[in-house]
Student: 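There's a structure below that I have some questions on.
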Amino acid sequence: MADDGGFGFLEVSVDDAAPRLLGCELVSSIGGEEVRVRIVEVEAYDQFDPASHTFRGETPRNRAMFLGAGHLYVYRSHGIHFCCNVVTGEAGIGSGVLIRGAEPVHGIDAMIRRRGRGGAELSNGPGKIGQALAADLSLSGTSLADGPIRLIRRPALSPEQVGIGVRVGISKAADLPRRFYVRGNPYVGRHHGAPGLSEG
DNA sequence: TGGACGATTGACT
DNA sequence: GTCAATCGTCCAA
């Protein structure tokens, strides 16, 4: 296959790509320290989704989401937090997967130092992950194959391990079941008591 | 050019 | 449970 950096498995619809990212690892080498986390909760967004940044077309801000699978998209939330997305699909289609929850695998000391706290508070929310990985807007559009933050593919989880629910913190299309998470993992945020469709 | 809002978090009651 | 922090982006006029 073409030189896709090994991210061909993400060149599918974002609804298919999102659950495939569960269990994969993100590795940050920013600041000379390696921090590695395992993805346990994600949300899918694409160009046809009113809640997506790309719904109204490409802008300087969301340009990274149109670069195709294997790129990183970082945006600022509420002026304070940086949230990381894995861009999916082919170039020209604005789709990506927001990383909402992850569990530490390596470099926990650096994560604790950056976060100022430990436990599940290290990385059980999108802004927390951005801080733990030292992500910022300059990383938006970089490659997940050889950039400051890299993505390492892991085998897909079994269907029983994956929960599906509604997304969190949005006001448009808030009822679409596009949140995927690892059942029973402590680094999956509880949010505002979001019900989820396949709980139980 | 001005104004409203956001894919959030953390502190406080 | 409730609410402030904080600023770039986007839409309306």
Side-chain angles (χ1 to χ4, degrees), chain A residues 10 13-15 17-22 24 26 37 39-67 69 71-89 93-104 111-141 144 149 151 163-182 186-197:
Chain A
L10 295 179
S13 78
V14 71
D15 295 288
R20 292 184 184 185
L21 284 169
L22 294 177
C24 294
L26 286 173
V37 299
I39 299 169
V40 299
E41 182 182 7
V42 298
E43 285 181 359
Y45 292 88
D46 69 28
Q47 202 167 349
F48 312 102
D49 181 346
S52 172
H53 290 168
T54 60
F55 181 61
R56 298 184 183 279
E58 184 175 343
T59 69
R61 171 208 193 187
N62 64 30
R63 185 180 66 254
M65 281 186 80
F66 291 83
L67 295 178
H71 289 83
L72 183 67
Y73 167 55
V74 181
Y75 72 92
R76 180 188 12 256
S77 177
H78 291 69
I80 332 175
H81 305 290
F82 296 114
C83 303
C84 299
N85 296 245
V86 173
V87 179
T88 65
I93 303 295
S95 62
V97 176
L98 169 68
I99 310 301
R100 285 200 69 90
E103 65 180 358
M111 293 177 67
I112 293 176
R113 190 180 336 117
R114 290 167 178 168
R115 290 280 301 125
R117 57 191 70 212
E121 299 301 310
L122 274 181
S123 51
N124 65 350
K128 300 174 185 180
I129 293 172
Q131 187 177 11
L133 297 181
D136 63 61
L137 293 184
S138 71
L139 300 182
S140 196
L144 285 166
I149 293 181
L151 177 70
I164 304 175
V166 298
R167 292 176 298 187
V168 177
I170 57 177
S171 57
K172 299 170 184 173
D175 53 345
L176 294 180
R178 294 188 116 180
R179 178 167 69 95
F180 303 85
Y181 57 94
V182 179
Y187 291 89
V188 175
R190 303 282 164 67
H191 321 113
H192 198 63
L197 302 182

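Residue numbering restarts at 1 for every chain, and letters A, B, ... go by the order of the sequence lines. Here the structure is a predicted model, which is why all the values come from computation and not from measurement.
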Student: Kindly say if A/Ser171 contacts the phosphate of B/dG6, meaning a side-chain N or O under 4.0 Å from OP1 or OP2.
Tutor: yes

Student: For a side-chain contact (heavy atoms from CB on, under 4.5 Å) with A/Leu21, tell me which candidate from A/Val97, A/Val40, A/Leu26 qualifies.
Tutor: A/Val97

Student: Rounded to the nearest 0.5 Å, what separation is found between the CG atom of A/Asn62 and the OG atom of A/Ser52?
Tutor: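 Rounded to the nearest 0.5 Å, the CG-OG separation comes to 7.5 Å.
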
Student: In whole Å, what is the span from the NZ atom of A/Lys128 to the C1' atom of B/dG10?
Tutor: 8 Å

Student: Are A/Lys172 and B/dG6 close enough that a side-chain N or O sits under 4.0 Å from OP1 or OP2?
Tutor: no

Student: For the CZ atom of A/Phe66 and the OG atom of A/Ser95, what is their distance to the nearest 0.5 Å?
Tutor: 8.5 Å

Student: Under 3.5 Å, is there a donor-acceptor pair between the side chain of A/Arg63 and the main chain of A/Ser140?
Tutor: no

Student: At under 4.0 Å between heavy atoms, what does A/Arg115 touch on the DNA or RNA strands: base, sugar-phosphate, or nothing?
Tutor: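 The answer is sugar-phosphate, as A/Arg115 gets under 4.0 Å only of primed atoms, P, OP1 or OP2.
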
Student: Let me know, please, whether A/Arg117 or A/Ile170 comes out on the 5' side of the other along DNA chain B by nearest nucleotide.
Tutor: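 It is A/Ile170 whose nearest nucleotide is closer to the 5' end.
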
Student: What is the separation between atom CZ on A/Arg76 and atom P on C/dC7, rounded to the nearest whole Å?
Tutor: 8 Å

Student: Under 3.5 Å between N/O atoms: give me all the protein pairs with nucleotides 10-12 of chain C, atom names plus distance.
Tutor:
from: C/dC10; atom 1: OP1; to: A/Thr59; atom 2: OG1; distance (Å): 2.7
from: C/dC11; atom 1: OP1; to: A/Arg56; atom 2: NE; distance (Å): 3.1

Student: Using atom CG of A/Leu137 as one end and atom C1' of C/dT9 as the other, report the distance to the nearest whole Å.
Tutor: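 After rounding, the reported distance stands at 12 Å.
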
Student: Any stacking of A/Tyr75 on B/dA7, going by centres under 5.5 angstrom and planes within less than 30 degrees?
Tutor: no

Student: Got a second to check how far A/Leu133's CG is from A/Ile149's CD1, nearest 0.5 Å?
Tutor: 5.0 Å

Student: Give a yes-or-no answer on whether the side chains of A/Arg114 and A/Gln131 include a donor-acceptor pair shorter than 3.5 Å.
Tutor: no

Student: Would you mind reading off the distance between A/Phe82 atom CZ and C/dT9 atom P, rounded to a whole angstrom?
Tutor: 11 Å

Student: Could you state the CD1-P distance from A/Ile129 to B/dA7, rounded to the nearest angstrom?
Tutor: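 Distance check: A/Ile129 CD1 to B/dA7 P gives 17 Å.
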
Student: Does A/Glu41 use its side chain to pair, donor to acceptor, with the backbone of A/Gly189 at less than 3.5 Å?
Tutor: yes

Student: Roughly, in whole Å, what's the span from CD in A/Glu58 to P in C/dT9?
Tutor: 14 Å

Student: In Å, rounded to the nearest 0.5 Å, how long is the span from CZ of A/Arg20 to CG of A/Leu22?
Tutor: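 Here the rounded value is 12.0 Å.
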
Student: Check the interface with nucleotides 4-6 of chain C: list each N/O to N/O pair with the protein under 3.5 Å, or write none.
Tutor:
from: C/dT6; atom 1: O2; to: A/His78; atom 2: O; distance (Å): 2.4

Student: Looking at A/Arg178 and A/Ala18, would you say the former's side chain and the latter's main chain have a donor-acceptor pair under 3.5 Å?
Tutor: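 No.
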
Student: Might you work through the side-chain hydrogen bond (donor to acceptor under 3.5 Å, both in side chains) test for A/Ser13 and A/Asp15, ending with a clear yes or no?
Tutor: CA-CA 5 Å; A/Ser13 78; A/Asp15 295 288; 4.6 Å; no

Student: Mind calculating the distance between CG (A/Leu122) and C1' (B/dG10) to the nearest angstrom?
Tutor: 15 Å

Student: In whole Å, what is the span from the CG atom of A/Asp136 to the P atom of B/dT8?
Tutor: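 A/Asp136 atom CG is separated from B/dT8 atom P by 19 Å.
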
Student: With rounding to the nearest 0.5 Å, note down the distance linking CD1 in A/Ile170 to CG in A/Leu176.
Tutor: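 Spacing of CD1 (A/Ile170) from CG (A/Leu176) equals 7.5 Å.
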
Student: Once Watson-Crick and G-U wobble pairs under 3.5 Å are found, how is DNA chain B written in dot-bracket notation, 5' to 3', with | for any base paired to another strand?
Tutor: ||||||.|||||.

Student: A/Ser123 side chain to A/Ala102 main-chain N or O, any donor-acceptor pair under 3.5 Å?
Tutor: yes

